[in-house]
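Just so it is clear, the structure is predicted and the values come from calculations on it, not from any experiment. Residue numbers begin at 1 in each chain, while the letters A, B, ... track the order of the sequences.
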Amino acid sequence: MPPAPLIDDIRRLVSSAVEAARRDGVLRLETMPEIQVEHPGNPEHGDFATNLPLRLARATRINPLELAQTLAEYIRKNEGVEREAVGSVEVAAPGFINFRLKDDWLQRQVEVVRQAGAAFGNLASGAGAGPDGAGAEGAGGGRRVMIEFVSVNPTGPVHVGHTRGAVLGSALANVLEAAGCQVTREYYVNDAGSQMEAFYRSVMARYRQSFGQDAPMPPNGYMGEYIVELAQEIADAEGERFLNQPPGSDAYEQAVREIGDLSREKMVGLIREDLGRIGVEFDNWFSERSLYVGGEYDTALGRLREKGYLSQREEALWFNSTMLGDEKDNVVVRSSGEPTYFASDIAYHYNKFVGRGYDAVVNIWGADHQGHVPRMKAAVEGLDISPERLTILIAQMVTLKRGSEVVRASKRTGDFVTLRELADEVGRDACRYFFLARTPSTQMEFDLELAKKESSENPVYYVQYAHARNAGILNLARERDIDWSGGDVSLLNDPSELALVRAMLRLPELVQQMARTLEPHHLAHFTMELATAFHLFYENCRVISANPEDADVTLARLKLVESAQIVFRRSLELMGMDAPERM
RNA sequence: GCGCUUGUAGCUCAGAGGAUAGAGCGCUGCCCUGCGGAGGCAGAGGUCGUGAGUUCGAAUCUCGCCAAGCGCGCCA
């Protein structure tokens, strides 16, 4: 069983001290306060600290310093398992309680990490894992969470802006799995609607043009060069069989359908392939059209109608989202009788929660969809599903630059930088790291020149180099037939050795935090800190020593290096990055 | 105009109401007789957009103002 986050033990220590103080009548409290435990920035303040006495001072009218003394005394008396990691418990003005970990306990964690192996960082399922507010408690097997992301219309390739959401979603899925959730990664294929219609007709026009016909592009046509290539491929494979139907005839419309199906399949295939280049994969590709075939569209809208959320106005059918707090109502069925994209989305979310029974759903949308969050939440609520169970993350815009020139991303003109180009230029790992190192809620600037120029000085290489160094040491030890399995970890007394262990032990806590807040970007910063701790250890502590007197220390340090490698691999894996043995 | 997001070092960005605000890049100066120098150490560089408020305590919470991006279709 991999170790649980240490910070939970510290919280338990504090809360049982509060309980004991209440039992003894020292502390008079109606309710148990929220206990905040943090990592002090200043190492002099120990490994963990709580400000609880300060927070309680007002309610209890006890001087916070005195309260801290009292609680610290209870904590010192605690003899439970959660106390075993903690050495000193000290009080600091104006009312903090500081905890310091025992050296020998830290040393023993090297063995704990080695035993946990690839499972290090995983959390027990059902232990409050997963997004906040997602309602259902995981019954034994962990909560079932769907994360739906990318979901680019298959009218063109994935570009840089989408890539940000792709990286975010795949890393988040990894994190949620580590936290004990059952995760489904899903891509929603918008294979219905007017955008697809324009796409189909664009391919048809290019197809006819490839045979020299003077076929006009449709009014909202897709002008990108990739459409020409796609049409050419179809022309090569299918020949002239779509060529001779007069426009407007039934046969022509049938040809558009068929050529549309072919080109959509090709496009989805390309999207899948491009995403695969940066390690983004899906468990399920969900078809929008299937919602209409399977009857879920009718069921979902029927449910809204029963509850009085739908009304017919100006020839169209409206969802009265203002009844549920939205700013304006939204059309679900046009006066033409065609359902809107929003109608599909309602049915889709009915399918996610009711049809497939997910406990929690995370959607990752681009900034251009942020205006749709309130109506989606309202729709879910209207379906009698707690809106808490739906989290919509907005990945903000990526503005592209080449040098100082801004590149506008527009599918219509075909003027955009694709995921493929990006991956070819900067590589999978740098691409992932670059996007992961930033919170998705801020707009970011992506300078392609800079990304290329920086690639050898990129933080990603700092982290991967640390791992490669690490692997180099272990490989050398194996070459020399050194067996370190009997190493004595109590010899690891150098401050840089203990600092490395401390850094390693942050991972479980980080996984827990990231799963709750759905913020995987902390991983990037964590790996930097881990790498810094490792490089410092490397600088200060010779691992494989030629001096026979150091033989025992060598074995102990090899154990430390081995456990550090486990943590490097695990965190790089969560980020979807490679952990290279050499560079 | 209204809504969402954002303003932190020269640049790109981290910072679960706490103690002296951090990292990478860039800049200055040091450190290899040995496991990979894609490394380590030290330094310069900040009125955390701005003005109020809440609090024992604010980069963090609330409000105003300024600035930027996005959104506000019977498009998706």
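- If you take atom C1' in B/A9 and the same atom in B/A14, they sit 13 Å apart, rounded to whole Å.
- Put simply, the side chain of A/D47 gets close to the backbone of A/L101: a donor and an acceptor are under 3.5 Å apart.
- Checking A/N51 against A/A466, the closest nucleotide of RNA chain B that is more toward the 5' end is the one next to A/N51.
- Shown here, B/C4 is classed anti by the O4'-C1'-N9-C4 or O4'-C1'-N1-C2 angle, which is more than 90° from 0.
- Nearest heavy atom pair, residue A/A524 against residue A/A437, reads CB-CA, 3.6 Å.
- For B/G10 and B/U33, the C1' atoms lie 40 Å apart once the distance is rounded to whole Å.
- Base engagement by A/L54 is indicated by at least one non-hydrogen atom pair under 4.0 Å involving a base atom.
- Salt-bridge formation is detected for the pair A/R11/A/D8: a Lys NZ or Arg NE/NH1/NH2 atom is positioned less than 4.0 Å from an Asp or Glu carboxylate oxygen.
- In terms of position on RNA chain B, the residue among A/H521 and A/F96 whose nearest nucleotide sits closer to the 5' end is A/H521.
- Spacing of C1' atoms, B/G43 relative to B/A59, comes out at 25 Å, to the nearest Å.
- Applying the 4.0 Å criterion to OP1 and OP2 of B/U6, one finds that A/S441 has a side-chain N or O inside that range.
- Side chain A/S194 to base B/C75: no donor-acceptor pair is found below 3.5 Å.
- Rounded to a whole angstrom, the distance from the P atom of B/C11 to that of B/U50 is 15 Å.
- B/C13 and B/A21 have their C1' atoms separated by 14 Å, with the value rounded to a whole Å.
- With hydrogens and angles left out, the side chain of A/Q370 and the base of B/G3 share a donor-acceptor pair within 3.5 Å.
- For B/U6 and B/G46, the P atoms lie 26 Å apart once the distance is rounded to whole Å.
- Using P as the reference atom, B/U54 and B/U12 are 36 Å apart when rounded to the nearest Å.
- Figure legend. B/U54 is base-paired to no nucleotide; pairs are counted as Watson-Crick or G-U wobble with both atom distances under 3.5 Å.
- Taking the six-membered ring for Trp and thresholds of 30 and 60 degrees, A/Y292 and A/Y297 have ring planes inclined between 30 and 60 degrees apart.
- In this structure, A/F434 atom CZ and B/A14 atom P are separated by 11 Å, rounded to whole Å.
- When only modelled atom types and interatomic distance are considered, A/N470 and A/R569 share no side-chain donor-acceptor pair under 3.5 Å.
- Taking the side chain as every heavy atom from C-beta outward, A/E562 and A/L558 never approach each other to under 4.5 Å.
- Judged purely by distance below 3.5 Å, without hydrogens or angles, the side chains of A/N363 and A/H369 never pair a donor atom with an acceptor atom.
- Using a cutoff of 4.0 Å between basic side-chain nitrogens and carboxylate oxygens, A/R542 and A/D550 are not scored as salt-bridged.
- Look at CE on A/M397: it is 7 Å from P on B/G71, rounded to the nearest Å.
- Once the 5.5 Å centre distance and the 30° plane angle are applied, the aromatic ring of A/H45 is found stacked with the base of B/A19.
- Considering only side-chain N and O atoms, A/Y433 lies nowhere under 4.0 angstrom from the phosphate OP1 or OP2 of B/C13.
- Counting to the nearest Å, the C1' atom of B/G7 and the CD atom of A/Q443 are 9 Å from each other.
- Considering only side-chain N and O atoms, A/T439 lies nowhere under 4.0 angstrom from the phosphate OP1 or OP2 of B/C13.
- Atoms CG (A/D429) and C1' (B/A38) sit 15 Å apart, rounded to a whole Å.
- The gap from the C1' atom of B/U28 to that of B/C65 amounts to 41 Å, rounded to the nearest Å.
- In this structure, A/L436 atom CG and B/A23 atom P are separated by 22 Å, rounded to whole Å.
- Heavy-atom neighbours of A/Q312 CD from other residues, nucleotides or ligands within 6.0 Å: above the threshold of 12.
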Nucleotides 27-37 of chain B: protein proximity per nucleotide (B base, S sugar-phosphate only, - neither; heavy atom, under 4.0 Å): -------BBBS
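- Below the 3.5 angstrom threshold, one finds a donor paired with an acceptor across the side chain of A/N98 and the base of B/A19.
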